[in-house]
Amino acid sequence: MDAPDFREIDKKWQDIWHRERTWQVSNNLTESGGAAYVLEMLPYTSGEPHIGHLKNYAVGDAVAHFMRRNGRRVLHPMGYDAFGLPAENHAIRTGKHPKESTDESIASFARQFREWGISIDWSRELATHQPSYYRWTQWIFLRLFEKGLAYRKNAAVKWCPKDATVLANEQVVGGRCERCGTEVEARQLEQWFFRITDYADRLLAGLHEIEWPEHVKTMQRNWIGRSEGAEVIFSCVETGEQYHVFTTRPDTLFGATFFVLAPEHPDVLRLAAGTPQEESVREYVNQALRSTNDTRGAADKPKTGVFLGRHVINPANNEHIPVYVADYVLMEYGTGAVMAVPAHDERDYAFARAFGLPITQVITPDDPDGPAAGQLPYTGAGTLRSSGEFDGLTSAAAGAAITSWLAAEGAGCQTVSYKLRDWLVSRQRYWGCPIPIVHCQSCGLVPVPDEQLPVHLPDIEDYAPKGRSPLASADDWVNVTCPACGGHARRETDTMDTFVDSSWYFLRYCDPTNTEQAWDFNALAEWMPVDQYIGGIEHAILHLLYARFLTKVLYDLGKVPVAEPFAKLFTQGMITKDGAKMSKSRGNVVSPVRIVKHYGADTARCYVLFMGPPDTGADWSDEGIEGVYRFLRRLLRLGRELAETTQAPAAGDTHQIDTGLNRKVAETIVRVTESMTQKFAFNISIAAVMELSNSVSRAQRDGASPAALRHAVATGASLLFPFAPHISSEVYELLTGRRVWEDSWPLADMTLLASETKLIVCQVNGKVRDRVEVPAGADDAVVESAARASQAVLHALSDSTLLKTVVVRDKLINFVVR
RNA sequence: GCGGGAGUGGCGGAAUGGCAGACGCAGCAGACUUAGGAUCUGCCGCCUUCGGGCGUGGGGGUUCAAGUCCCCCCUCCCGCACCA
């Protein structure tokens, strides 16, 4: 008996599930059972599924099955994230049209999901590159456009020279393109943005309502980067222009002794023009703009900068302070300008020391003897000095007082700053959802009317990236009449970021075939929010933040009944091989196709779950999977043997052995149920069934009755069904004649668990000396005399004085002696 | 630097404050076998004078009892990082 056998069993049950559409659910509200929505992140379909996909869907499928067997009506759909750079790059490499290569990839994913036996409602399958889907992506874009949440602006943006497109801030990691690793460049371009910053506070607040891993919430909080402070206005002495800065420390305003602009600040060159410093400023800025994020980003790098030859007025004390350009100030954060308080900020201090600028201490540390006393820079709170009328106030009080004083003077106000930037959604690439806007010379930006959607992605010959959208060359497609005035107009030729496509797919699953609207509100009311979302940690910010944002927008528009899309989130850990991430270049890829072919689907699924807690990473072991394989074969063999055995063996005290086995069955039910309910400790669930199977083998040898053995194995199969659906179905059918998924989750016989006797651990001074059996619920005196009957206990007690006896009912007795 | 998490046998990992090491891998011994890379059985933390002693990164503490709770330290992993 080996893999070919498993493969036949796999096929037998997959055919039944396919033929009978077993996992299909309707939107019928009147059907019994509470609705539940279990969802794994949809796969990005470029290339083939890998082991990480197998784990992701094995986890999700276990959850879905467990909920179904506990009476829930579970929506468990599947789709494909089909547009985007990697698919397009893959197509360019292979010389195939992205539509063709993507559809091939989708077919491969779909086939393998079926071969893995994942319980999917296939009637709801979708792919984001289908016009029937992206029609509604465009519809959503237009709703944002109407609300002013989708807008165009000219901005310094991140440009990937290799992929020849702009990127969102979220897609730039350490100054490099998240996809291809190329260092990004800054470019000044007009682009489409989504106004996600309008939702910053609600995206933060919503985190309190959802059950997500704490570290994912933390990552989102850090990314949003909310920080409270004040805006202060500094006027240029020479030009009279006003410059706003953001500070979290308005209490240190009197200590601002110079002013710094980022090299990217649009006014830098103009300000320096005509000054003796003009040439050196120009040189510095050029050099700073050329230097990479890698070299510029280090916090311990020596401070550099150039005097602009201009001054601004510190509104607190009317002092004229010099303006510098320096690359330690970032254009991306705040206003690209800072007031520098060298006495109370590390960076400003380093700069002041390097350039010989004055350092004015305005905060006295509260603890006069503390290590901070007299040492600059001092970045903590304290009492104000050299700050005019505010002297003597604490930092907190002074911050508020100075801010209100600024507001009264018209020189500032209280404000909140965010690290989060608006979401840049346009891409100069072919393989994406067209933006449904036309540019009309007389009307400007005109939305394509809803009834003309979708704006089809044209089929073009040359889709290679060139730095402008390939769609621009599709003349027939680009030239249109303006929907507003009927005059000549041109279509928007950029496509949308793939993350727009995947930010709403979970809504479409609820009503996937609707041709009248994106979805029926009632369908969402039935299923949303997703009860359990499952995916990789790599989406902690990108996908999960965007999806939350779009859901909130649609909620505000009254289109969606919930403000948070994913009530619970589970992030699975990555499977590595030989301690490293699997990759073709390393040659350490474990192919799911090969594994499933060799061991069958259930072995593969159980092994990825048995490797350890599913939220932690684990290293693939070719030996490790053999253990799970052996276990499943043993289970099937037991099932087959017992299905044919009716005669009880003669030997042994059958009744006592049966009772012991039945108790083990009850214990296993409790153990598996708890390990699946409290956390997703599927490694424990599987281990518990392994124990049961070991107990069955022992009981069989010892002479248990066939009925008890059959009951034990059938229950084990039933408990294993969420992880190994094929073999479990087979064994369960052999032993009971029924379909395991049609029976509800096993219920433990609690009377068996409350056994008549208990094994009491006997300790002397906390050290275990023996174990004695007493009746369940025996009182302290009975336990003590039983313990005292033990030779080992008596031996340990000899030559000592008893100080105290601690008895924990049904568990333990501890003699404390001296 | 800031934030989050983790340190348990040769390995992956179990343990509502109550028997540390479940389950599996690897290893060792045996059975069956022409054969075994199949299957089954047993052993499997370290030390031991075989009484027992020691043992969950290190050090303290609370407790009758600590892998688990508290304090200090060390190491590793992940995220963010010149964020004003």
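Bear in mind the structure is a predicted one, so any value in this text is a computation, not a measurement. Sequence lines set the chain letters: A, B, ... in the order given, protein chains first and strands last, and positions in each chain run from 1.
- The interatomic distance linking A:Ile537 (CD1) with B:C80 (P) rounds to 10 Å, in whole Å.
- Looking at the side chain of A:Leu330, the nearest of the listed nucleotides B:C23, B:C82, B:U41 is B:C82.
- Of the candidates B:C64, B:G4, B:C54, the closest approach to any side-chain atom of A:Lys767 belongs to B:C54.
- Atom CZ in A:Phe631 sits about 23 Å away from atom P in B:G12, given to the nearest Å.
- In this model, a donor atom of one side chain and an acceptor atom of the other lie less than 3.5 Å apart for A:Gln700 and A:Glu641.
- Considering only heavy atoms from C-beta on, A:Phe258 stays 4.5 Å or farther from A:Pro358 through its side chain.
- Residue-level contact check: A:Glu623 touches the backbone only, with heavy atoms under 4.0 Å from sugar-phosphate atoms and none from bases.
- With distances taken from any side-chain atom of A:Ile684 to the nucleotides B:C64, B:A22, B:G24, the minimum falls on B:A22.
- With a glycosidic angle more than 90° from 0, B:G13 adopts the anti conformation.
- The side chain of A:Lys419 places an N or O atom within less than 4.0 Å of a non-bridging phosphate oxygen (OP1 or OP2) of B:A81.
- For the OP1/OP2 pair of B:U39 and a distance below 4.0 Å, the side-chain nitrogens and oxygens of A:Arg637 include no atom meeting the criterion.
- Sequence order on RNA chain B of the closest nucleotides to A:Asp345 and A:Leu812 puts A:Leu812 first from the 5' end.
- Residue A:Arg634 has a polar side-chain atom (N or O) positioned under 4.0 Å from OP1 or OP2 of B:C40.
- OP1 or OP2 of B:G24 lies within a sub-4.0 Å distance of a side-chain N or O belonging to A:Asn694.
- In this structure, A:Phe682 and A:Phe680 have parallel ring planes: the angle between them is below the 30° cut-off, well short of the 60° mark.
- Contact annotation for A:Arg818: no contact, since no heavy-atom pair falls under 4.0 Å across all strands.
- Counting to the nearest Å, the P atom of B:G5 and the CE atom of A:Met219 are 14 Å from each other.
- Looking only at atom types and distance, the side chain of A:Tyr328 has no donor-acceptor partner in the side chain of A:Thr304 under 3.5 Å away.
- Atom-to-atom, CG of A:Leu635 to C1' of B:C23 comes out at 15 Å; the value is rounded to the nearest Å.
- Taking only distance into account, the side chain of A:Asn814 meets the base of B:C64 through a donor-acceptor pair shorter than 3.5 Å.
- For the pair A:Arg630 and B:C25, the criterion of a side-chain N or O lying under 4.0 Å from OP1 or OP2 is met.
- Taking the ring axis of A:Phe355 as reference, the NZ or CZ atom of A:Arg353 does not stay both within 45° of it and closer than 6.0 Å to the ring centre.
- Distance CZ/A:Phe610 to CZ/A:Phe631: 9.0 Å, rounded to 0.5 Å.
- With a glycosidic angle further than 90° from 0, B:G52 counts as anti.
- Side chain of A:Arg769, nearest nucleotide from B:G18, B:G52, B:G12: B:G52.
- Taking only side-chain nitrogens and oxygens, A:Asn765 never comes nearer than 4.0 Å to OP1 or OP2 of B:A65.
- You won't find any donor-acceptor pair under 3.5 Å spanning the side chain of A:Lys679 and the base of B:U16, going by distance alone.
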